[in-house]
There are 2 protein chains.
Amino acid sequence: MNAQRVAYNHLKHLIMSGELPANAPISAEVVGRALGISRMPVREALLQLQAEGLVTFGANRRPFVTARTQKEIVELFEIRVALESLAIERAAPRITPAILDQLGRQLDRMEKATSDPKRWLARHDEFHDIIYAASDMPRLMDEIRRTRYSIQPYIFMYINAYKIPEMPGAEHATIADVLARRDPSLARSALAQHIRDAASGVIYFLMSGQGPAPAIAAPRQRVVSKEKVL
Amino acid sequence: MNAQRVAYNHLKHLIMSGELPANAPISAEVVGRALGISRMPVREALLQLQAEGLVTFGANRRPFVTARTQKEIVELFEIRVALESLAIERAAPRITPAILDQLGRQLDRMEKATSDPKRWLARHDEFHDIIYAASDMPRLMDEIRRTRYSIQPYIFMYINAYKIPEMPGAEHATIADVLARRDPSLARSALAQHIRDAASGVIYFLMSGQGPAPAIAAPRQRVVSKEKVL
DNA sequence: TCCACAAGAACTGTATCCAGTTTATGCCCC
DNA sequence: GGGGCATAAACTGGATACAGTTCTTGTGGA
């Protein structure tokens, strides 16, 4: 595994888990030192993270964790609705009993992970990926993944705060049931509803003052803390 | 303007215009020498182009111009339908007389550029951007732009070969007319139809043996010519 | 006390160098 | 003449060095 990949995975994990909050500056040199590599591969990792929307380069070309406004988060959820609706629409007629089995087993895994938000979210994403994989549209899956990544930090904050509240999988079981009927527009509606529900939860959470209030409310270029820079 | 940007613009232009065909290897050193810079900024430009889907790194980490299969191109057009439908749907209720004027003037510009495919395509993209800008969804516009870029080379080949055949703007005038009624679902249908028409044209062109037949039919890792490598 | 400015520190962009890997060349043997 | 292997060339990833820019800090004057 090359240094670039190491830096990429490291930073991606820190950002998506929220350990590096929005607007936190990222020093390529500090990161490199922490990982025992130079700042060059870190820089290249940062470029890739920029392409995924997780990192932004400021006016001074200095990288920091991308801060999304509420408006942008709503927008990104709407983009997800558009992309994932397409995916499930194409997947629906291609659903097989084997895939339904797989979805059932995945629901079990999600159930078992309810105590661990991070693990649950991973299982949850896998659940959706199983469905989208059936669409046989790999480029679309790429787009979906990218969009998902860019709001992951906020979703993670949300489920972390509420400890996975009313989403114990009931809604996901519904989606699996609807898919069994292989009806594209039915599946589409169910999924759109599902995503919009999640969106309202996240947005409400962010508006309720929880979450990174200053980061969301007033995305500043400069950041005070020099500690948690890594 | 820094060296990285120079390399990025240079390569992007070469790829989107088709001067660098699919599967053409790209030597960072050769490009750098041609531009009077070192290969380091070229490398970083290549990473960004990879994020936009125009460049791919092979198994040996060597970059080449991304080759899309017909299946992928169809997929990317379907993604465009999903994203741009959303955009025009949101834009429709926000259309103002000023925007309609702007669209009218843009139609004139397109008309004047019919003799120059490259120029016409640029004006065409601007026409669509005017509409999407009205949606007030900047992140969505980013996604649309990225998706558009990744099939641009094939669209360019198509309109270059047919010298802008039956798309003299009549269909675009229709879209502008529909937008005047500010009806989201009407606008959505008209645009989806428009994109799918373009898609069929491009796909038919590629299937008809014109276009980069070997690149499309059999995307090979290795390439014979060492001439047009730049 | 507060502002302005200047020196110093920190950071970015880029070139160059080195090591490790992959590809090409050419020779030898069959 | 053709295939296999060894050597050489080319290329990539990464580290380091250096120049130019931006930020920080501290001092002096109002």
Just how far, in rounded Å, is P of dG13(C) from OH of Tyr8(B)?
-> 16 Å
Between dT12(C) (P) and Glu44(A) (CD): distance, integer Å | 15 Å
Could you go through nucleotides 17-21 of chain C and list every protein N or O atom that sits under 3.5 Å from one of its N or O atoms, giving the distance for each pair?
none

side-chain contact (heavy atoms from CB on, under 4.5 Å) assessment of Gln152(B) paired with Ser17(B) | CA-CA 8 Å; Gln152(B) 188 90 301; Ser17(B) 71; over 6 Å; no
Glu29(B) has an atom CD; how far is it from atom P of dG13(D), in whole Å?
-> 13 Å
Summary of salt bridge (charged side-chain N to carboxylate O under 4.0 Å, His left out) pairs that have at least one residue in residues 131-141 of chain A, sequence neighbours excluded | Arg94(A)-Asp136(A), Asp136(A)-Lys71(B), Arg139(A)-Asp142(A), Arg139(A)-Glu72(B)
Are Gln4(A) and dG13(D) close enough that a side-chain N or O sits under 4.0 Å from OP1 or OP2?
-> no
Test Thr147(B) against Phe77(B) for side-chain contact (heavy atoms from CB on, under 4.5 Å), laying out the working first.
-> CA-CA 8 Å; Thr147(B) 310; Phe77(B) 269 112; over 6 Å; no
To the nearest angstrom, how far is Phe57(A) atom CZ from dT22(D) atom P?
-> 16 Å
Determine whether Phe57(A) and Leu46(A) make a side-chain contact, defined as any pair of heavy atoms from C-beta on separated by less than 4.5 Å.
-> yes
So do Met40(B) and Met40(A) actually touch side chain to side chain, heavy atoms under 4.5 Å?
-> yes
Side-chain donor-acceptor pair present, Gln106(A), Arg109(A), cut-off under 3.5 Å = yes
Could one point to a donor on the side chain of Arg61(A) or the base of dG13(C) with an acceptor on the other under 3.5 Å away?
-> no
In whole angstrom, what separates Ile37(B)'s CD1 from dA15(C)'s P?
-> 6 Å
Separation of dT12(D) atom P from Ile26(B) atom CD1, nearest Å, is 11 Å
Using side chain to side chain donor-acceptor pair (under 3.5 Å) as the criterion, list what pairs up with Glu143(A), not counting sequence neighbours.
-> Arg146(A)
Is the phosphate of dT12(C), meaning OP1 or OP2, less than 4.0 Å from a side-chain N or O of Asn60(A)?
-> no
Rounding to a whole Å, what distance do you find between Arg43(A):CZ and dA15(C):C1'?
-> 12 Å
Nearest-angstrom distance from the residue atom CD of Gln48(B) to C1' of dG13(C) = 13 Å
